[in-house]
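Read the structure below first, then the notes.
Convention: sequence-line order gives letters A, B, ...; per-chain numbering from 1.
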Amino acid sequence: MTLRLHDTKRGRKVPFEPLYDNKVTMYLCGPTVYNYAHIGNARPAVVFDLLVRLLRRDYELTFARNITDIDDKINAASVETGKPIDEITSRFIDAYNEDMSALGVLPPDIEPRATQHIAEMIAMIETLIANGNAYEAESHVLFDVSSHDDYGALSKRNLREMIAGSRVEVAPYKKAAHDFVLWKPSTPELPGWDSPWGRGRPGWHIECSAMAKKHLGKTIDIHAGGQDLVFPHHENELAQSRCAHDGTEFARYWLHNGFLSMDHEKMSKSLGNVVLVRDLIKTIPGEVVRLALLSAHYRQPLDWSDATIESARRKLDRLYGAVRGVDLPADLRAAAEPPAALLAALEDDLNTPKALAELFGLARDLNKTSDADERRRMTASMLAAGSVMGLLQTDPEDWFAGHAEGKLAGDEIDALLAKRKAARKSRDFNAADAIRDQLADAGISIEDSPEGTTWRRSD
RNA sequence: GGCUAGGUGGCAGAGUGGUUAUGCAGCGGCCUGCAAAGCCGUCAACGCCGGUUCGAUUCCGACCCUAGCCUCCA
């Protein structure tokens, strides 16, 4: 395949070539588990899940998505609720995985947790001190940014400008404003680990460097995350890892997804517009959320609103409508390939809107033809495409029946449709239309065709 | 203030130096007992001002506007 990816560091799309022939390593910055995942957290999980699915077609992929389970926000939640840290984190790890699963996100090969890699972090910090890249001050260990020439190369900023624009108070123990914490002391109430610098806990950035090294090696192929992580998180990871590994390249391709807004406003707790995935999927199929997240290119901003959801739902109705009622043998389905144009779109830096356009084109062709073999072939192709994108994996009948219980049960609907059929046969259209109205009131719309009548939930 | 990305038809959203994106909505038609779904046709766009060019929405420059980052943040 000819995959092209937009690399943040080079600032442009470049052909993807793994370090080793057919083996690819990929690391995605996962959640900090102090709360349920919101829709903004879901975007990187979904878009990079698509990349994972694409890569697995041609490469032997090792994919790690970490869990940050030690952090000040987690500590704050612990103090607030009076519950121990691991009770909080294990609960939200489970919730995160359930929620992502509902969005069709496949589990990563490795899900490393920060608290299980303290020794690796300490070892890396010791190396950084020994190499002259870090220093100890007042029980803290800080990374000396001035020791790394290339600092700022990823986020395209230079230290002088950053200091000029800085509005941050500089901690007194720092040599320079942008030196960042590798290790910091803990108070007796807070979680801590023994270290050469006393009882303490790791800074935020070091965990990803240590875990990437342990599970994927010194140089990884793809490092991904949200755009907001470019600085400082990824810039700092990059500096640490290279300095700890004698300048060895850390990540060969840096991928960052764009931000999500809520009704054109920034999502924030203070505005009260944070939407949890957990709440969303109570009323909306996870697949609708997934398609909504894939309906804009991953590097573009995406606005989340009721219209976004409704649009995704209608798109799925159209796609499922096309494959509905096609009797597809399992072997034909298993052997099918996605259309080449669709793959080409995805391989062009995950151009999901283009890929979806191809899918709709196929749906139109499918709706047009009445040849049974053609219909089976096209349906198989659509489902294969859906499989790469993590869509269309539900039985169409189940899709249109809806997940939530409506006002009418399935057998009641069938009974009404039978009555209507009889009425139509005796050309009593008033009675037939009354039944149709009754169904419409219950949120059921019906579709007559030469083969019979089908129905769908439309509310 | 600095850095980065972007401003496309009613809405969402790709793309391109000259030719239909796509979805929803609208309009006309076909199909239907009437609808719905589907199909056909159709309307409609490239922030502003210059420049390069035979030709720019697409390249270059200025300007205006928007978002993100510069502090925890997907």
Side-chain angles (χ1 to χ4, degrees), chain A residues 6 8 11 28-32 34 37-48 71-73 76 152 155-158 160-169 177-178 204 224-233 235 256-261 264-269 291-292 295-303 305 307-308 310-319 321-322 324-325 345 348 351-361 363-370 400 423-424 427-430 432-433 436-437 439-440 444-450 453-456 458:
Chain A
H6 180 95
T8 305
L28 172 64
C29 285
T32 301
Y34 67 102
H38 61 244
I39 186 66
N41 296 314
R43 191 176 191 191
V46 167
V47 302
F48 296 119
D71 159 277
D72 287 349
K73 290 190 290 291
S155 56
K156 312 228 175 4
R157 55 191 81 203
N158 69 60
R160 287 233 309 279
E161 281 169 358
M162 287 163 59
I163 291 161
S166 176
R167 285 176 268 137
V168 190
E169 265 185 67
H178 287 90
W204 174 37
Q227 213 164 53
D228 56 322
L229 295 182
V230 175
F231 189 90
H233 185 52
E235 191 73 60
H256 293 99
N257 63 276
F259 249 50
L260 200 82
S261 55
H264 302 289
E265 283 189 310
K266 180 172 176 158
M267 177 165 53
S268 73
K269 277 187 184 165
L291 179 57
S295 61
H297 183 85
Y298 78 96
R299 283 189 286 113
Q300 293 302 121
L302 174 66
D303 189 55
S305 68
T308 312
E310 191 50 32
S311 171
R313 189 196 294 276
R314 284 171 189 273
K315 285 175 183 176
L316 282 168
D317 276 343
R318 179 160 168 83
L319 295 173
R324 185 180 202 179
D348 183 16
N351 192 337
T352 49
K354 185 98 181 292
L356 288 170
E358 296 295 339
L359 206 49
F360 285 113
R364 183 181 300 272
D365 291 341
L366 176 54
N367 282 331
K368 245 191 275 196
T369 184
S370 52
F400 286 115
R424 290 181 74 210
R427 305 193 67 79
D428 181 358
F429 295 121
N430 285 335
D433 291 353
R436 184 165 64 198
D437 291 344
L439 287 164
I444 307 293
S445 57
I446 61 176
E447 295 162 13
D448 295 325
S449 80
T453 298
T454 56
W455 61 273
R456 60 171 74 188
S458 53

With a 4.5 Å heavy-atom cut-off, do A:L316 and A:R313 have their side chains touching? no
Please classify the nucleic acid contact of A:S295 as base, sugar-phosphate, or nothing, using heavy-atom distances under 4.0 Å. sugar-phosphate
Quick one: A:Y298 OH to B:G13 P, roughly how many Å, whole number? 17 Å
Taken to the nearest whole Å, CD/A:E358 to P/B:G15 is 13 Å
Just the rounded figure in Å: distance from P of B:G13 to CZ of A:R299. 15 Å
Between A:N351 and A:R427, the residue closer to the 5' end of RNA chain B by nearest nucleotide is A:N351
Given the P atoms of B:C46 and B:C59, what is the spacing between them in whole Å? 16 Å
Per nearest nucleotide of RNA chain B, the residue lying toward the 5' end, A:H297 or A:A432, is A:H297
Counting C-beta onward and ignoring hydrogens, is there a side-chain heavy-atom pair between A:V47 and A:T352 closer than 4.5 Å? no
Return a single string for nucleotides 35-47 of chain B, one symbol per nucleotide in 5' to 3' order, where B is base contact, S is sugar-phosphate-only contact and - is none, cutoff 4.0 angstrom on heavy atoms. BBSSSS-------
Side chain proximity check, A:R436 to A:L439, heavy atoms < 4.5 angstrom: no
Nearest to the side chain of A:P353 - B:C70, B:U22, B:A14? B:A14
What is the nucleic acid contact for A:F360, judged by heavy atoms within less than 4.0 Å: base, sugar-phosphate only, or nothing? sugar-phosphate
OP1, OP2 of B:A25 versus side-chain N and O of A:R314: anything below 4.0 Å? yes
A:K266 side chain, from C-beta outward: closest of B:G23, B:G33, B:C69: B:C69
Whole Å only: how far is the CG atom of A:L260 from the C1' atom of B:A12? 14 Å
Using side-chain heavy atoms (C-beta onward) and a distance below 4.5 Å, is A:F360 in contact with A:K315? yes
Tell me which nucleotide among B:U22, B:A74, B:C70 gets nearest to the side chain of A:P232. B:C70
A:R324 versus A:E447, closest heavy-atom pair with distance: NH1-OE1, 4.3 Å
A:R314 with A:E310: basic N within carboxylate O range, under 4.0 Å: yes
Once you round it to whole Å, what is the distance between C1' of B:U4 and CD of A:E235? 13 Å
A:D433 (side chain) and B:G33 (base): donor-acceptor pair under 3.5 Å: yes
If every non-hydrogen atom of A:A432 is compared with every non-hydrogen atom of A:A423, which pair is closest and at what distance? N-CB, 4.0 Å
Decide whether A:T308 and A:S305 meet the rule of one side-chain donor and one side-chain acceptor closer than 3.5 Å. yes
Pairing string of RNA chain B (Watson-Crick or G-U wobble, both atom distances under 3.5 Å; | = paired to other strand) is (((((((..(((.....[...))).(((((.......)))))....(.(((..]....))).))))))))....
I'd like the C1' distance from B:C54 over to B:A62, given in whole Å. 26 Å
Which of the following nucleotides, B:G2, B:A74, B:A14, is nearest to the side chain of A:L229? B:A74
Whole angstroms only, please: what is the OH-C1' distance between A:Y34 and B:C72? 8 Å
Expressed as a whole number of Å, how far does the C1' atom of B:C43 sit from that of B:G28? 11 Å
Could you give the distance separating B:G41 and B:G15 at their C1' atoms, to the nearest angstrom? 24 Å
Can you check the distance between B:G29 and B:U22, where both ends of the measurement are the C1' atom (answer in whole Å)? 23 Å
For the C1' atoms, the ones on B:C64 and on B:G47, what distance do you get once it is rounded to whole angstrom? 8 Å
Rounded to whole Å, please give me the gap between CZ in A:F48 and C1' in B:A74. 9 Å
Interatomic distance, A:K156 atom NZ to A:F231 atom CZ [nearest 0.5 angstrom]: 13.5 Å
Can you find a pair of side-chain heavy atoms, one from A:D448 and one from A:R424, that are under 4.5 Å apart? yes
Between B:C69 atom C1' and A:H256 atom NE2, what is the distance in whole Å? 12 Å
Using the P atom as the point on both nucleotides, what is the distance between B:A56 and B:C40, in whole Å? 34 Å
Go through B:U4, B:C70, B:A14 for me and flag the one nearest to the A:K156 side chain. B:U4
So which heavy atom on A:H256 is nearest to which on A:Q227, and how close? CB-CA, 3.9 Å
P-based separation of B:G13 from B:G7 [nearest Å]: 10 Å
Ring pair (Phe, Tyr, Trp, His ring centres under 6.0 Å) involving A:H6 - partner list, sequence neighbours excluded: none
Aromatic ring of A:F259 stacked on base six-ring of B:A74, 5.5 Å, 30°: yes
So, OP1 or OP2 of B:A67: does either fall under 4.0 Å of a side-chain N or O from A:H264? no
Under 4.0 Å between any heavy atoms, over every strand shown, what does A:Q300 touch: base, sugar-phosphate, or nothing? Just pick one. sugar-phosphate
